[in-house]
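Below is one structure, written out as structure tokens; the observations come after it.
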Amino acid sequence: IIKPYSATFLTFSDYMRPAVRLGALMEIGTVYIFTHDSIALGEDGPTHQPVEHVMSLRLIPHLHVFRPADANETAGTWKALMTLKVPAALALTRQDVPVLTGEAIGGIEAIHAGVARGGYILRDSAGTPDVILIGTGSEVQFALEAAETLHGEGIRARVVSLPCWELFEAQDAGYRDSVLPPTVTARVSIEAGVTTGWQKWVGLKGVTIGIDHFGASAPYERLYEEFGFTATHVVAAAKQVIGK
């Protein structure tokens, strides 16, 4: 399989948008690799920090947007996009992130299978979850940390990684409902971008953690702390949404 590809900072996708849109219109299987995918690129500041870009790309018909959480989800993304007949965009982080082992769900192959379906349960609770934490990309780590804390406090939390909305939407209702049961309305999303659009997955009762304004110039650890991208903030949001 031969796949043409390009690579640049995610914020520069603005300059490429007419070509990306035409490629999607013609269903050309190009791969667009976008790096430095959030405010976590740090000191370069808001001119280079994408905020609305991932969600904007998700609005383009036929374009499949992937935001993998780590190296293993990225490998699964490459496997998945090799079979796509339409273009795909990868939004990749700059900073180091924990590597997912998938031990609780069957290993790396289970991660790859989950990515191929666009979304999957990365960490589950015993019995029906009290709350579902949904993340993409570099913020999945905070959902996992928060779930561990909540578990220690007797709150059942499920973690769902949702790297590709388009693939997840293409699954049958039975699979989607098994990952995001309609009966569990207590949900929290976490993604370092605009929150617009996340209501589709968290519903009217859910909480969206994101950034609806431009970033700032600072080390990414400081930015995450200032703008609420921490496990502590996710725990607080989970308790809020379940009323504890």
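Owing to the predicted nature of the structure, the values given are computational and were not obtained by experimental measurement.
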Please list every donor-acceptor pair under 3.5 Å in which a side-chain atom of residues 31-43 meets a protein atom from a residue at least two apart or in another chain.
{"from": "Asp37", "atom 1": "OD2", "to": "Arg67", "atom 2": "NE", "distance (Å)": "2.8"}
{"from": "Asp37", "atom 1": "OD2", "to": "Arg67", "atom 2": "NH2", "distance (Å)": "3.2"}
{"from": "Ser38", "atom 1": "OG", "to": "Ala40", "atom 2": "N", "distance (Å)": "3.1"}

Same cluster for Leu84 and Leu63 if Ile/Leu/Val/Met/Phe/Trp/Tyr side chains link at under 4.5 Å? no
Measure across His48 and Pro50 and return the closest heavy-atom pair with its distance rounded to 0.1 Å. O-CD, 3.2 Å
Examine Arg94 relative to Tyr220 and say whether NZ or CZ is less than 6.0 Å from the centre of the six-membered ring and inside a 45° cone about the ring axis. no
Hey, is the main chain of Ser138 close enough, under 3.5 Å, to the side chain of Gln141 for a donor-acceptor pair? yes
For a quick test of reading the model, state the closest non-hydrogen atom pair linking Ala231 to Ala146 and the distance between them. O-CB, 3.8 Å
Closest approach of Ala143 and Val159, non-hydrogen atoms and distance? O-CG2, 3.6 Å
Could you check whether any side-chain heavy atom of Pro68 comes within less than 4.5 Å of a side-chain heavy atom of Leu92, counting everything from C-beta outward? yes
More than 12 foreign heavy atoms under 6.0 Å from CG of Asp172: is that the case here? yes
Could you tell me whether a side-chain N or O of Thr83 sits under 3.5 Å from a main-chain N or O of Lys79, the two making a donor and an acceptor? no
With Pro181, which residues qualify under side chain to side chain contact (heavy atoms under 4.5 Å, CB included), at least two apart? Ile132, Arg158, Thr183, Val184
Distance from Arg187 atom CZ to Leu133 atom CG, nearest 0.5 Å? 11.5 Å
From His151 atom NE2 to Asp130 atom CG, the distance as rounded to the nearest 0.5 Å: 12.0 Å
Using a cut-off of 6.0 Å, state whether more than 12 heavy atoms not belonging to Phe12 lie near its atom CZ. yes
Thr195 and its side chain to side chain contact (heavy atoms under 4.5 Å, CB included) partner, picked from Thr208, Val207, Val202: Thr208
Determine, stepwise, if the pair Lys239 / Ile155 fulfils side-chain contact (heavy atoms from CB on, under 4.5 Å). CA-CA 9 Å; Lys239 290 181 178 179; Ile155 298 173; 4.2 Å; yes
Residue pairs meeting ring-ring contact (aromatic ring centres under 6.0 Å, His included), one or both in residues 62-85, sequence neighbours left out, come to none
Got a second to check how far Ile209's CD1 is from Trp198's CH2, nearest 0.5 Å? 11.0 Å
What verdict does the side-chain contact (heavy atoms from CB on, under 4.5 Å) test give for Arg123 and Glu148, after you've listed the backbone C-alpha separation in whole Å, the side-chain angles of each residue and the deciding distance to 0.1 Å? CA-CA 10 Å; Arg123 182 192 191 282; Glu148 191 65 30; 3.0 Å; yes
Where Pro4 and Gly29 come nearest, the two heavy atoms and their spacing: CD-O, 4.3 Å
Contact between Asp70 and Thr74 at the side-chain level, heavy atoms closer than 4.5 Å - yes or no? no
Please answer whether the main-chain N or O of Leu167 pairs with a side-chain N or O of Gln171 as donor and acceptor at a distance below 3.5 Å. yes
For the pair Ile108 and Thr101, evaluate side-chain contact (heavy atoms from CB on, under 4.5 Å) and give the outcome as yes or no after the intermediate values. CA-CA 6 Å; Ile108 294 173; Thr101 64; 5.9 Å; no
Specify the closest pair of heavy atoms between Ile211 and Val51, including all atoms of both residues, with the distance to one decimal. O-CG1, 3.3 Å
Once rounded to the nearest 0.5 Å, what's the spacing between atom CD of Glu139 and atom CZ of Phe229? 6.0 Å
Tell me every residue that passes salt bridge (Lys or Arg N to Asp or Glu O under 4.0 Å) with Asp212, counting only those two or more places apart in sequence or in another chain. none
Tyr175 side chain reached by Arg117 side chain, heavy atoms, under 4.5 Å: yes
Rounded distance [0.5 Å steps], OH in Tyr120 versus CD1 in Ile105: 5.5 Å
Please check this pair: side chain of Glu225 against backbone of Leu223, looking for a donor-acceptor N/O pair closer than 3.5 Å. no
Applying side chain to side chain donor-acceptor pair (under 3.5 Å) to His112 and Asn72, what does each step give before you reach the verdict? CA-CA 7 Å; His112 292 178; Asn72 288 323; 4.9 Å; no
Can you tell me how far CG of Leu162 sits from CD1 of Ile190, rounded to the nearest 0.5 angstrom? 13.5 Å
Which atom pairs, one a donor and one an acceptor, fall under 3.5 Å between side chains of residues 17-27 and the rest of the protein, sequence neighbours left out?
{"from": "Arg17", "atom 1": "NH1", "to": "Ser56", "atom 2": "OG", "distance (Å)": "2.8"}
{"from": "Arg17", "atom 1": "NH2", "to": "Ser56", "atom 2": "O", "distance (Å)": "3.4"}
{"from": "Arg17", "atom 1": "NH2", "to": "Ser56", "atom 2": "OG", "distance (Å)": "3.4"}

Answer yes if the ring centres of Phe142 and His233 are under 6.0 angstrom apart, and no otherwise. no
Under 3.5 Å, is there a donor-acceptor pair between the side chain of Glu73 and the main chain of Ala69? yes
Of all heavy-atom pairs linking Val115 and Gly76, the shortest is CG1-C, 3.7 Å
Give me the one residue out of Leu180, Val188, Val179 that meets side chain to side chain contact (heavy atoms under 4.5 Å, CB included) with Ile134. Leu180
Decide side-chain contact (heavy atoms from CB on, under 4.5 Å) for Phe9 and His53; before the verdict, give the C-alpha distance in whole Å, the side-chain angles of both, and the deciding distance to 0.1 Å. CA-CA 11 Å; Phe9 281 30; His53 295 71; over 6 Å; no
Selection residues 191-209 - residue pairs positive for salt bridge (charged side-chain N to carboxylate O under 4.0 Å, His left out), sequence neighbours left out: Arg58-Glu191, Glu169-Lys200
